[in-house]
K.L.:
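Shown below is the structure under consideration.
Quantities reported herein were computed from a predicted structural model and do not represent experimental measurements.
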2 protein chains.
Amino acid sequence: MVVSITGDQALVKKINMSLALETIRVHAPVSRAQVAELTGLNKATVSNLVSDLLEQQLVTEIGPGQSSGGRKPLLLLFNRHAGHSIGIHLDVHSFSIALCDLSGQILFEKLNLRLLHSDPVQVTEQLSSVIQELIDLAPASPYGVIGIGVGAPGMVDEQGCVLFAPNLGWEQIPLRQWLQDRFTHIPVLVDNEANAGAIGEYEYGAGKHVQHLIYVSAGAGIGTGIMTRGEIFRGAMGYSGELGHMTIDVHGRKCSCGNRGCWELYASEKAILDPQKSLPFHTLYEAIQAAERDDADALHFLYQLGEYLGIGIANLVNGFNPDLIIIGNQFAHLERWIKAAVLRSVKQRALQSHQQNLNIVYAPLQQRSTLLGAANQAIRSFVGRAKVTV
Amino acid sequence: MVVSITGDQALVKKINMSLALETIRVHAPVSRAQVAELTGLNKATVSNLVSDLLEQQLVTEIGPGQSSGGRKPLLLLFNRHAGHSIGIHLDVHSFSIALCDLSGQILFEKLNLRLLHSDPVQVTEQLSSVIQELIDLAPASPYGVIGIGVGAPGMVDEQGCVLFAPNLGWEQIPLRQWLQDRFTHIPVLVDNEANAGAIGEYEYGAGKHVQHLIYVSAGAGIGTGIMTRGEIFRGAMGYSGELGHMTIDVHGRKCSCGNRGCWELYASEKAILDPQKSLPFHTLYEAIQAAERDDADALHFLYQLGEYLGIGIANLVNGFNPDLIIIGNQFAHLERWIKAAVLRSVKQRALQSHQQNLNIVYAPLQQRSTLLGAANQAIRSFVGRAKVTV
DNA sequence: CCAACTTTGTCTATCCAATAAACTAAGTAC
DNA sequence: GTACTTAGTTTATTGGATAGACAAAGTTGG
């Protein structure tokens, strides 16, 4: 019975191959000599690896570059057109989908399509038909569509089964399997929407090269994607991060989860439903509209929303000491209204030492964070990153 | 400039060597054939690795075992006497220290020694002298004392510098370096006390083979050691887990950290100092004494302490979905008084789905969790575990 | 008691990837 | 035009894993 990963030459090649490919991807355009320099691999080794990569069409040669006092280097590029990836952000009432190349460049996208039903079977049906459209739109390429990634609200296990998505009303829906059955030749991945968002911003947005970040997906509820050393933090059974249901007020109001005083009751769209307040608007959209008209109630409401968001963020900062907090999902658009309040709360409540290198931003990818993160997960598993810790 | 880890034959050997050693350690007594079976390595490879390990005296042959229908197997044992490790639990007013073998068996220990001063230089002095005593006591062995591990309260960075330990009154103390300067030939490691506790319980206590656990170190304050997939979770700059300063009551009292309503104000020894309560006891010890006499105030106080501890634990459960919560440090002794209250809070407040496989225990290693965890970190870095993710 | 079979562990030839060093190619500098 | 630099390839070597043959040491059943 084979369980563990053993070392052999195939593994060595895998490690060095992915190291070379990543180096080319990040530092492109780059010469073989530079890759050798950057990775610490021997020139000959790099030459061998690169010739394999050229054969696999994952890398292209774009001709000679400028000389630095000797023979001109032959510059290499990661071939982002070798294949395409499809990313999906499944939200509670809508979804967004995009087709992108291997560098995350979007070729086609459809944003905020309404879900026609909430029933998981019918949702799968609707998703599948749009996915097929994008597959048909994909330009010819050596590898075709190499994967489909989905970011879904709620808890998702390692098999891509949606265990619990209260806002969708789903339980134990093997979404990945259902989609995989439709697209048998394309790997399908399903992860939590906030995790995907964190990955998206890490790869293509605010978090480029920031190794420790937290993506706070605030909208209908709150979810968090926590990244350390460039890796998503996963709890037991592969899922975690229901930090929206962290108690911030022991004596607070009852939450649907059974607890009291959950963060997301005060810092997500759910705050509008606070029975004690009887606010003159019923959705976030309406609140913003009112705020645009300088409505005092709305402005005050949004400020409070920011304060509470900041309280939870301060907790995250104390607990994880991230370098970057990214406020995403619908709240990415609220910067204008909540920025000051969020900063005030965090400044007041987070440990001084943890605030030194802290940055708080509003997802620059906006509604595309999760989309691109999901697509990126498919890309990752295609190009296959091998890592070693000694 | 060499940055990344590249693959070569030495790496392959390292990976397989550590795999073989770990397999022998875990499954001992075991034959070469079984190791090959268990790891997936070739018989010849295992023979080679084992002969190296025998030469290095990390493994011993203890003669033939029972035949299963053919030649008798030659049984192998991990040589836990190849060297010794020293583990230290540094607390606010006291420290504990032990000398143990490579399997974590304690040979000598000194528990709860009072710190004579709180000044870091003098603390280092005192620690060093006791460490030297234990080094002198260590039996002769091939490798001698292979490392010194320290678990310290507060934030510790990757270099073993105590960045911030409010309860000790320390800031920016390069404890590891200071100790390393004293014991130049023995590697010194310093980590957070709760992280070490988590490792201790994972390796030798309640958490054996439980991949996702949280060690809640409750005493003078609260610290948490979070373990996923058998690895300690570390935030930015290598430290994190100041979850004792997570807000659980937005309108709560002021904490020394600047925030309001921090968990540890209500669920650690600090709860005794609540000015609103003016309790008739001033230390946890006194409270327990009173409770032993069935003092109503004390019993009620301890019950509340348990409730608040449970509230924070529920947050942890929602956030990390662990399989096991271990309540350690001084609170490990409070099971009798707080168990019901803790369970009640958690049951009431944690997500139902996360409670399914959840277990809550009181550190069976008691005051030795951190000690053994710290010693184990030294052992780990000595036997050198290599891991690969593909 | 012996022949057939099993299991354990080692030996041998082979493979494969990385590597150093030599080498070719193609430029610059003065 | 000679000396030097830099880029990339070729060649011989190294070291570890592997399959398969083999030796060692047992069991089983007639």
K.L.:
For A/Ile186, is there any backbone N or O sitting under 3.5 Å from a side-chain donor or acceptor partner on A/Gln180?
P.N.:
yes
K.L.:
Measure the distance from CG on B/Leu54 to P on C/dG9 and round it to the nearest whole Å.
P.N.:
12 Å
K.L.:
Given atom CD1 of A/Ile15 and atom P of C/dC16, what is their separation to the nearest angstrom?
P.N.:
18 Å
K.L.:
Rounded to the nearest Å, what distance is computed from the CG atom of residue A/Leu49 to the P atom of nucleotide C/dC16?
P.N.:
16 Å
K.L.:
Considering residues at least two apart in sequence or located in another chain, which fulfil the side-chain contact (heavy atoms from CB on, under 4.5 Å) criterion with A/Ala82?
P.N.:
A/Leu58, A/Asn79, A/Leu102, A/Tyr143
K.L.:
Roughly, in whole Å, what's the span from CG in B/Asp8 to C1' in D/dT13?
P.N.:
15 Å
K.L.:
Check the distance between D/dA17's C1' and A/Lys13's NZ and give it to me in whole angstrom.
P.N.:
16 Å
K.L.:
Find the distance A/Gln66:CD to C/dT28:C1' and express it as a whole number of Å.
P.N.:
12 Å
K.L.:
Please determine if a side-chain N or O atom of B/Arg32 lies less than 4.0 Å away from the OP1 or OP2 oxygen of C/dT7.
P.N.:
no
K.L.:
Please determine if a side-chain N or O atom of A/Asn16 lies less than 4.0 Å away from the OP1 or OP2 oxygen of C/dA18.
P.N.:
yes
K.L.:
Could you identify which residues of residues 55-62 of chain A place a heavy atom less than 4.0 Å from some atom of DNA chain D, listed by residue number, or say none?
P.N.:
none
K.L.:
May I have the list of side-chain donor-acceptor pairs in residues 373-381 of chain B shorter than 3.5 Å, sequence neighbours left out?
P.N.:
from     : atom 1 : to       : atom 2 : distance (Å)
B/Asn376 : OD1    : B/Arg380 : NE     : 3.1
B/Asn376 : ND2    : B/Tyr204 : OH     : 2.8
B/Gln377 : NE2    : B/Asp191 : OD2    : 3.1
B/Arg380 : NH2    : B/Glu203 : OE2    : 3.2
B/Ser381 : OG     : B/Ala378 : O      : 3.2

K.L.:
Does the B/Thr39 side chain pair with the main chain of B/Ala20, one donor and one acceptor, at a distance under 3.5 Å?
P.N.:
no
K.L.:
Over how many whole Å does the gap from A/Glu37 atom CD to D/dA7 atom C1' extend?
P.N.:
13 Å
K.L.:
In this structure, how many angstroms lie between the C1' atom of D/dG8 and the CD1 atom of A/Ile24, rounded?
P.N.:
14 Å
K.L.:
I'd like to know if the side chain of A/Glu201 reaches the main chain of A/Gly207, judged simply by a donor and an acceptor atom lying under 3.5 Å from each other, with no hydrogens or angles considered.
P.N.:
no
K.L.:
Taking only the side-chain heavy atoms of A/Ser31 (C-beta and beyond), determine which of D/dG8, D/dG16, C/dT8 contains the nearest atom.
P.N.:
D/dG8
K.L.:
Please check if the side chain of B/Asn16 supplies one atom and the backbone of A/Gly7 the other of a donor-acceptor pair under 3.5 Å.
P.N.:
yes
K.L.:
Taking protein heavy atoms under 4.0 Å as touching, what does nucleotides 19-30 of chain D look like 5' to 3' if B marks base contact, S marks sugar-phosphate-only contact and - marks none?
P.N.:
B---BBBBS---
K.L.:
Taking only residues two or more places apart in sequence or in another chain, which ones pass side chain to side chain donor-acceptor pair (under 3.5 Å) with B/Ser103?
P.N.:
B/Asp101
K.L.:
Quantified as the angle between the terminal helix axes (five pairs each), what is the overall bend of the helix from C/dC1-D/dG30 to C/dC30-D/dG1 to 10 degrees?
P.N.:
0°
K.L.:
Could you point out which residue of A/Ile24, A/Leu41, A/Leu74 forms a side chain to side chain contact (heavy atoms under 4.5 Å, CB included) with A/Arg32?
P.N.:
A/Leu74
K.L.:
May I have the step-by-step check of salt bridge (charged side-chain N to carboxylate O under 4.0 Å, His left out) for A/Glu231 and B/Arg229, ending in yes or no?
P.N.:
CA-CA 13 Å; A/Glu231 302 266 337; B/Arg229 295 156 204 262; over 6 Å; no
K.L.:
Are B/Val30 and B/Thr23 packed together at the side-chain level, in the sense that at least one heavy-atom pair is separated by less than 4.5 angstrom?
P.N.:
no
K.L.:
For A/Arg80 and A/Gln105, what are the C-alpha separation, side-chain angles and deciding distance, and is it a side chain to side chain contact (heavy atoms under 4.5 Å, CB included)?
P.N.:
CA-CA 9 Å; A/Arg80 59 200 182 89; A/Gln105 287 283 330; 3.3 Å; yes
